[in-house]
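Each chain gets a letter, A, B and so on, in the order the sequences are listed, and its residues count up from 1. Only heavy atoms go into these numbers, but all of them, side chains included; no hydrogens, no water, no symmetry mates.
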2 protein chains.
Amino acid sequence: MAEKQPTIKEIAKRLNISISTVSRALHNHPSIGLKTKTLVQQLAQKLDYEPNQMAISLQQRKTFTLGVILPGLSESFFSSAISGIEEVANMNGYTVLMGQSHDDIEREKQLMETMKKHRVDGLIISITKNTKTFEHFEFFKKANIPVVFFDRIPDMNDINYVACNILSGTIKAISYLLKARHRVIGMINGPKTLVATAERRDGYMQAMQKNRLKFDPSLVFNCDLSKESVYEATQKLLSHSRKPTAIVTFNDYVAMDAMHYATQQNICVNKDLLFVSYVNLPMLPHLKFRPIASVEQYPFKQGQKAAQMLVELLQNKIENTERQMHYKIIIDSDLVIHA
Amino acid sequence: MAEKQPTIKEIAKRLNISISTVSRALHNHPSIGLKTKTLVQQLAQKLDYEPNQMAISLQQRKTFTLGVILPGLSESFFSSAISGIEEVANMNGYTVLMGQSHDDIEREKQLMETMKKHRVDGLIISITKNTKTFEHFEFFKKANIPVVFFDRIPDMNDINYVACNILSGTIKAISYLLKARHRVIGMINGPKTLVATAERRDGYMQAMQKNRLKFDPSLVFNCDLSKESVYEATQKLLSHSRKPTAIVTFNDYVAMDAMHYATQQNICVNKDLLFVSYVNLPMLPHLKFRPIASVEQYPFKQGQKAAQMLVELLQNKIENTERQMHYKIIIDSDLVIHA
DNA sequence: TAAGATTACGCAAACGTTTGATAACTGCGT
DNA sequence: ACGCAGTTATCAAACGTTTGCGTAATCTTA
């Protein structure tokens, strides 16, 4: 059988007209007569003609494809985000080429290579928690392919990004705890490579300052988000000379692990020890032990914004490269309290 | 700056050799001398040359791209699945073009259109819960693009698919409950469009038969997976003349909604009323109310298998189309008990 | 009715590759 | 000096589109 996909050429031959006429007819070009136009369109319909995107892309040097690289879809944060991305991408006629780095730098680089080969028109990326070198991003810049960073943004200048205001979120979180009379607040923070980690710390400091309280850096521990390192951090906090009555964790997953550990140490979570965290997973209300509050980061919205930004960058490509403009969007976060 | 991406042509010009020589040199073709070969490769390196996949795809009529259409990534089942797909896709040099149907048929069709335009080499799809007409699939068949259905498979002949053995999983689930002396077991099943729904019902029947018990069809209710319809089904079961002591639900989400409803009716979940379901979400152990057992469907593995199947289909494309062969893989499911 | 304007179409180049057929060099034996 | 086999490199067509430019054919209009 192997019916070959019909081409514009085929249609032209059958109708005994030129290729260009067919092309124009299908695009409703004014210079084509109504008769031939309908003739062409009918035949195209009948043959199930579909333009070959490859040929078009080659011709136009544009693939109508957006690359998206995320650490992993298993975190609902990212799967929501990609939904947002996909939505506005599709609305604007783009398709999404997706890849997961699984927090592995090599994979991240490799994915970027593939995407460059596939000539994605632009890239949206949330970097690995271990990414420290940034040459591979320069690559894209050189190739003049716009990149939008998203949520996990690298510590570089001259980049486009959308992120969530973690600083203000943290201030809200800490203030909430302070208002509830907590005075010793521990923090299980993330990997130092992430700006979001620094922001959390800063937020903590600023919140304390605002309330004319002293910030105790020994109450802040970093972890690499693995279960083991969370346990370790929790353990250190629990055996701290100033034993905290509340802990702010990097995200809900960290909180869950920390709570698990604390429970095993016979600590009554949510009574002796409160947790506040980030992300605000949709399952939170269904959990047995849950953080009493969590900073909502609106991943879907972030995804939308990122895609929108990218689409705009693509549309104003020339002007932007001349002006060396960079877009930054910081969307507000909110503390959601789970009574 | 707008540095144009270097092409093979550019390299040829700079080195004063022909285009074809460059192409061959980069492919290590034997008919190119070592001298020129290294010369070319060095320059290519220096210029950060990347072959233009569009041109290659056009030439070879192959895009090295796999289309994946899923109902939605928010369900962890599907996000695991796509991870499995991506893994083996990448291992075999393919990239993944992704789309979510959000259980909307129109979107599903539209996505298939785009993917066809983009000339994906093959498609992996888990259909919408509402998909009843199948012409759009025939389209792909005609175009000779292999399709692998996955988990949610349509009721058609002559298709490739990988799915999970829901029948045996259901038998295990029901048997488990019977062994625990439950005699009145309700079932909140899914939409009738899905084969998996029929399988669940069959499994229920067969398990009863095996134990020489009578199957009561009035204890089985369908729902469309929405919260409201779950509530409704639960309500009907709770007011049934034979009030069940255990309920088997279509999946964990349905179970959660049903439990929520039951709790509101002052029923003590997991004491007066047990739940058994499917999917076995990773969060299950952390939930406040959870099904006492859930049928694990190994989504990651299913994804891997599906991608593997597709890759094989692609490799043996000619032979297969001649022989009209179709692959089917049914992987085993297991009942996981959450003590 | 000839000049100009308009309408409807065709030509051919270009996008960046790959690849079968072909040609130009090299060295060698005679 | 000549042919001959390697070895190495070039030519040109093809993949399926889009689009600027050119040109018949038809239509106005004075």
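- The distance from atom NE2 of H29(B) to atom P of dA21(C) is 12 Å, rounded to the nearest whole Å.
- Across dT18(D), dG16(D), dA9(D), the shortest atom-to-atom separation from the side chain of I32(B) is found for dA9(D).
- Proximity of K9(B) to the phosphate of dC15(C): a side-chain N or O atom is located under 4.0 Å from OP1 or OP2.
- Positionally, the nearest nucleotide of DNA chain D for N16(B) lies more toward the 5' end than for the other of I8(A) and N16(B).
- Among the nucleotides dC9(C), dC15(C), dT17(C), the one closest to any side-chain atom of N52(B) is dT17(C).
- For the pair K62(A) and F64(A), the cation sits on the ring face: its NZ or CZ lies under 6.0 Å from the ring centre, inside 45° of the axis.
- For the pair E10(B) and R14(B), the salt-bridge criterion is met [side-chain N within less than 4.0 Å of a carboxylate O].
- One donor-acceptor pair, N or O on each side, does fall under 3.5 Å between the base of dG10(C) and the side chain of R24(A).
- The phosphate of dT19(C) has OP1 or OP2 within less than 4.0 Å of a side-chain N or O from Q60(B).
- Remark: P of dT17(D) and CZ of R61(A) are 17 Å apart, rounded to the nearest angstrom.
- Salt-bridge annotation for D103(B) and R152(B): present, with a side-chain N of the basic residue lying under 4.0 Å from a carboxylate O of the acidic one.
- Distance K117(B) NZ to dT17(D) C1': 14 Å, rounded to the nearest Å.
- For S23(B) and dT18(C), the shortest distance from a side-chain N or O to OP1 or OP2 is below 4.0 Å.
- Side-chain N or O atoms of S18(A) include one that pairs as donor or acceptor with a backbone N or O of T21(A) at under 3.5 Å.
- Counting any heavy atom pair closer than 4.0 Å across all strands shown, I19(A) reaches a base atom.
- The nearest pair of heavy atoms linking S126(A) to D151(A) is OG-CB, 4.1 Å.
- Spacing between atom CE of M54(B) and atom C1' of dG16(D) amounts to 14 Å, rounded to whole angstrom units.
- Taking only side-chain nitrogens and oxygens, S20(A) never comes nearer than 4.0 Å to OP1 or OP2 of dG10(C).
- With dT18(C), dT18(D), dG16(C) as the choices, the nucleotide that has an atom nearest any side-chain atom of Q59(A) turns out to be dT18(D).
- Of all non-hydrogen atoms in R107(B) and S101(B), the two that sit nearest each other are CB-O, 3.7 Å.
- When rounded to the nearest whole Å, the span between CD of Q5(B) and P of dG16(C) equals 10 Å.
- Summarising the geometry, the separation between CG on L34(B) and P on dG6(D) is reported as 21 Å, rounded to the nearest angstrom.
- In this structure, Q53(A) places its CD atom 12 Å from C1' of dG16(D), rounding to the nearest Å.
- The side chain of S18(A) places an N or O atom within less than 4.0 Å of a non-bridging phosphate oxygen (OP1 or OP2) of dG10(C).
- Going from atom CG of L58(B) over to atom C1' of dG16(C) covers 9 Å, rounded to whole Å.
- A close approach under 4.0 Å does not occur between any side-chain nitrogen or oxygen of S31(A) and OP1 or OP2 of dC9(C).
- Contacts of T36(B) with the nucleic acid, taken as non-hydrogen atoms under 4.0 Å apart, involve only primed sugar atoms and P, OP1 or OP2.
- Residue contacts for I56(A): at a heavy-atom cut-off of 4.0 Å it reaches the sugar-phosphate backbone alone, with no base atom in range.
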